[in-house]
There are 4 protein chains.
Amino acid sequence: MAKSVNKVILLGNVGKDPEVKFLPSGSAVANLTIATSERFKDKGGEWQDRTEWHNLVAYQRTAEIIRDYVKKGNKLYIEGRIQTRSWDDKTSGEKKYRTEIIIGELVLLSGRGDGESGGGGGYNRSSSSSSYDQRSSGPSDDLVNSTEITDDDIPF
Amino acid sequence: MAKSVNKVILLGNVGKDPEVKFLPSGSAVANLTIATSERFKDKGGEWQDRTEWHNLVAYQRTAEIIRDYVKKGNKLYIEGRIQTRSWDDKTSGEKKYRTEIIIGELVLLSGRGDGESGGGGGYNRSSSSSSYDQRSSGPSDDLVNSTEITDDDIPF
Amino acid sequence: MAKSVNKVILLGNVGKDPEVKFLPSGSAVANLTIATSERFKDKGGEWQDRTEWHNLVAYQRTAEIIRDYVKKGNKLYIEGRIQTRSWDDKTSGEKKYRTEIIIGELVLLSGRGDGESGGGGGYNRSSSSSSYDQRSSGPSDDLVNSTEITDDDIPF
Amino acid sequence: MAKSVNKVILLGNVGKDPEVKFLPSGSAVANLTIATSERFKDKGGEWQDRTEWHNLVAYQRTAEIIRDYVKKGNKLYIEGRIQTRSWDDKTSGEKKYRTEIIIGELVLLSGRGDGESGGGGGYNRSSSSSSYDQRSSGPSDDLVNSTEITDDDIPF
DNA sequence: TTTT
DNA sequence: TTTT
């Protein structure tokens, strides 16, 4: 039985194509950012938007799903927990902190059933080479070139 | 209608007596930390606890409630949103980040009926002087010295 | 300061066009249903989907937003609280219960870029008469016939 | 990857001692209620409390934890999902509905490290015989009669 | 820095 | 760095 709760719920847009790496163990790790925005009234009574960027991390199966289906601009719902890592910066010797959300659950809302589509290539063809390679075990070309990904196309 | 969601739910214990300051406007700001812990199996298959510390901030009425009723060791439920502030460190010139949870809702679960009671003093008598001063506009001595704060004692 | 928490988070699809009524006071009330589904393994080890239908209620401004922008099939994120009403059934004399989610926050995720568009009518032209009348103060025809509603169209 | 979200968070007090039964399979099922209350202003501008009762269900290990550690009056945090069962009432032939929260996570906040203690009996000695029997595989008398249950006493 |  |  848990004695505490550390829960985060975010719904926002992915800032850029996720970066997915594989640990020596073969386990996947995904890093991505999502933006949320809130509307508030400034001192002059004008409505302003403030954007907040969140660093997300996913492991294993979730990281693989992200590699295969999440890309820049997608709208995402996630549940996770907050974790702050700290280390001593080697050059300055200062203590540094980085707060990340470890993803537990993920719902892809992106939609538009597509992607940045354009260009002469397929799905994320324009991604960095490392990203390209990561996707080599991803969806087949038939899938990635379709104009719309439906639920039936997604094997989970 | 919101277009995104940025929500945090934490339930944990307060690390030390909250610090409450007043802005020139007279508006209160409270800073406090709470710990959550999760249990996980280490590589050797042993159960380990990992503690996560969260920096919380509250404003206005919520900050005043915190000043008056929250202290070190209390168990707290909060809802809030994540906010990361960044600035350039004056000495090192480096970019620094600090992630905080802005408290929206708060439920005080502590009690223990309550307080570290003991000692020769009352409620928080042993707090730092700054904390002591902050409480000077808090509950009356009659209240703070009682051995149990009941709901009837709390005017909100 | 709250002493308890009653919070619901749902993300699912709207079952049919919402019904919106106006109280004598002129205040709007919206009723709608959304479906969530969970995947579970049955006794035979096969994956099954179970759909859960939720009765939602919104008031005032939120009800008006729903009237104007939410329709059958839309994907919706909502935060709310659980409320169970009970009454004595007039014919059977039995105690009846109805559990509803009172919507606090709402994020419209639908889009699909969008709408059932087609048919001989516009946006929700086919709604029931009560619904039809309610929508008489809804979006203009120019808006409702557009093939895509963008944020720029939405005045909030 | 989930396509929807059905999540409930409740923090409130247990209405009476939970009822725990065992299925023929040996699997435990716990039923309990918790109350949440909200404060609102009535038409006369007076603050009123409205209490909402929630029907909770837990299975297996969680049900056993509830049997062993949760009792009337305890404060509980739970995460779960909403589920509505329906059936045809045998006598009236009417469709009946019952909405329940299936508990996923549970944090016992009860505290006071005790219980209704008093009386001439022990922990729940006054429970129904079925409840008594259910507890026969619960904590030992030494535990249940102790004036304070600490985490060290709890084997999870 | 908390808590059990 | 996102989105509308």
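Per chain, numbering begins at 1; letters A, B, ... match sequence-line order. Note that the structure is predicted; figures quoted are calculated from it, not measured.
- If you measure from atom NE2 of B:H54 to atom C1' of E:dT3, you get 13 Å, rounded to the nearest angstrom.
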>> salt bridge (charged side-chain N to carboxylate O under 4.0 Å, His left out), that's the test. Do B:E79 and B:K7 meet it? Break it down for me.
In response: CA-CA 7 Å; B:E79 286 177 42; B:K7 179 164 284 287; 3.2 Å; yes
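- Counting non-hydrogen atoms under 4.0 angstrom, B:T51 reaches a base of the nucleic acid.
- Atom OH in B:Y97 sits about 12 Å away from atom C1' in F:dT1, given to the nearest Å.
- Taking the side chain of B:T33 as heavy atoms from C-beta on, and the options E:dT2, E:dT1, F:dT2, the nearest nucleotide is E:dT1.
- The interatomic distance linking B:K16 (NZ) with E:dT3 (C1') rounds to 16 Å, in whole Å.
- Whole-Å rounding puts the B:N13 CG to E:dT1 P distance at 15 Å.
- Taking atom CG of residue B:L76 and atom P of nucleotide E:dT3, one finds them 13 Å apart after rounding to whole Å.
- Between the side chains of B:S4 and A:T36, no donor-acceptor pair of N or O atoms lies under 3.5 Å.
- Counting to the nearest Å, the C1' atom of F:dT2 and the CG atom of B:N6 are 14 Å from each other.
- In this structure, the aromatic ring of A:W53 is not positioned over the six-membered ring of the base of F:dT2 within 5.5 Å between centres and 30° between planes.
- In this structure, A:E105 contributes its side chain and A:G80 its backbone to no donor-acceptor pair below 3.5 Å.
- Distance check, rounded to the nearest 0.5 Å: OH of B:Y97 to CZ of A:R98 gives 9.0 Å.
- Residue side chain B:T36 does not reach the base of E:dT2 through any donor-acceptor N/O pair under 3.5 Å, judged by distance alone.
- The CG atom of C:L109 sits 15 Å away from the C1' atom of F:dT2 (whole-angstrom rounding).
- Atoms NZ (B:K71) and P (E:dT2) sit 15 Å apart, rounded to a whole Å.
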